[in-house]
2 protein chains.
Amino acid sequence: MSSVRRIPAPTLERLAAYLTCLREMQEEGVAKVSSEALGKRAGNNAAQVRKDLSHLGQFGKPGVGYEVGPLRDRIVRALGLSGGHKVLLVGAGSLGRALARYQGFRREGFEICALFDNDPQKVGHKVGGLEVFPVEEIATRNRELRAAIGIIAAPGPAAQAIAGALVEAGVTCILNFAPVRLRVAKHVAVRAVDLSRELAVLSHWLSRRGRE
Amino acid sequence: MSSVRRIPAPTLERLAAYLTCLREMQEEGVAKVSSEALGKRAGNNAAQVRKDLSHLGQFGKPGVGYEVGPLRDRIVRALGLSGGHKVLLVGAGSLGRALARYQGFRREGFEICALFDNDPQKVGHKVGGLEVFPVEEIATRNRELRAAIGIIAAPGPAAQAIAGALVEAGVTCILNFAPVRLRVAKHVAVRAVDLSRELAVLSHWLSRRGRE
DNA sequence: TCCTGTGAAGCTTTTCACAGCA
DNA sequence: TGCTGTGAAAAGCTTCACAGGA
């Protein structure tokens, strides 16, 4: 398949992992990589790597492998990371502040361009160079900023209302750290990071350890 | 299937979500719930809910539904959450501090019992009532604590060495926030929370918006 | 009648296996 | 020979549909 159609989410997640590996390789001065070598680094098997990369068109040279630089560029394009994205971050609690300071966003091409919180105590303060604005101002502030991505780093009970405000402001992709299922219009895409989910899986595995 | 065998990870994740819903319902004084009602709350369809719960044995009453309290207890048991778990947290940067302060851990039965960091500037300081110890002390300190779960909230380059130290100290389950694939012995279970993965998926969706 | 538990169907994702090219 | 790209097979997960119990 030559042009990029819908790529399944598991594949997208692995492409992001390959990107990290390819960046490392570039820093190490590696110029070519086989599906097997890339798979080993990323923790997947070679066939999986080839199938994933086949979504991006034909790239590899039989008998040789893939060229690190061009492959990386191709994945960046497929993931839509080349232009950079503005992001609204809602919640200036400890998680929100950690995210505001996280350097990885910028490296991946994401720019947190505004920070919001409901708590009047936090409004007006600065976090990582950004002033905290009240949540009610999301829509008006985004009229200029035109960010399409929002991150919710607020407590569960506030999350649904925040999601509504973000969508109202024109956001169409939400990354949700609150432990609740958001109900949003179906043109809005939501990804959730839920600690209690991760912990539940670990805990189950732990309690099974040794049996099987 | 009456006794609990291996439960697939997607099911475990949903069970954690049901648990949150059931807790809410208990607070609201709801005593009984049908698979459809629970599904609606958790964002899954009724058949999925019944299939998931069938891993825990037979519980529901046809024509009535499930009793909220007993069902919740049963899920807690299946997830191995009843006894509580001690957790070692490594990394006292902004993410580590946010996790150390996160109240959700305790509510789910996880207790962060020690905090470690490589940075001498951070060692000795207190975060959320916990003193920060140097990473080299993980093994000795865990000789008494006997925690089996470790959380890595350190930068990528440090993560692999930390994972080694945790495993050395007897940890068998790791929750990794660093954007690297950890290589560990196969008796060790790893779950990864990777922001670049989440962002990559959102970004791809964003760049596809409107076509299809 | 209402709702569970579950075999079977349907769909998605992963793995296999090999033709074909450098 | 070494490695890609890809149909086909296998595995895994979700949804359907209905028998049967309260």
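Order of the sequence lines fixes the chain letters, A, B, ..., with proteins taken first and strands second; residue numbering starts at 1 for each chain. All values derive from a computational prediction rather than experimental measurement.
At whole-Å resolution of the value, CD in A:Q58 and P in C:dG20 are 14 Å apart. To the nearest angstrom, C1' of C:dT12 lies 14 Å from CD of A:E13. Counting to the nearest Å, the C1' atom of C:dG5 and the CG atom of B:L56 are 13 Å from each other. Going from atom NZ of B:K32 over to atom P of C:dC2 covers 17 Å, rounded to whole Å. Taking atom CG of A:N44 as the reference point, atom P of C:dT13 lies 15 Å away to the nearest angstrom. B:H55 places its NE2 atom 13 Å from the P atom of C:dG5, with the value rounded to the nearest Å. Distance CG (B:D52) to P (D:dG12): 17 Å, rounded to an integer number of Å. Across the protein-nucleic acid pair, A:E36 atom CD and C:dT15 atom C1' stand 14 Å apart, rounded to whole Å.
The backbone N or O of B:G80 lies less than 3.5 Å from a partner atom in the side chain of B:H85, making a donor-acceptor pair. One N or O on the side chain of A:R197 and one on the backbone of A:A192 form a donor-acceptor pair closer than 3.5 Å. In this structure, the side chain of B:S203 engages the main chain of A:L79 through a donor-acceptor pair within 3.5 Å.
Taking only side-chain nitrogens and oxygens, B:Y66 never comes nearer than 4.0 Å to OP1 or OP2 of C:dC2. Put simply, A:S35 has a side-chain N or O that comes within less than 4.0 Å of OP1 or OP2 on D:dT4.
At a threshold of 4.5 Å between non-hydrogen side-chain atoms, the residues B:I149 and B:L175 do not count as touching.
Here the CG-CG distance, from B:L99 to B:L95, works out to 4.5 Å after rounding to the nearest 0.5 Å.
Set against C:dT14, C:dT13, D:dG5, the side chain of A:F59 has D:dG5 as its closest nucleotide.
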- If the sugar-phosphate is the primed atoms plus P, OP1 and OP2 and the base is the rest, what is the B/S/- string for nucleotides 15-22 of chain D, using protein heavy atoms under 4.0 Å? BBB--BBS
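Applying the salt bridge (charged side-chain N to carboxylate O under 4.0 Å, His left out) rule to pairs touching residues 97-112 of chain A yields A:R23-A:E108, sequence neighbours excluded.
Note on B:E24 versus A:R181: no salt bridge recorded, every NZ/NE/NH1/NH2 to OD/OE distance being 4.0 Å or above.
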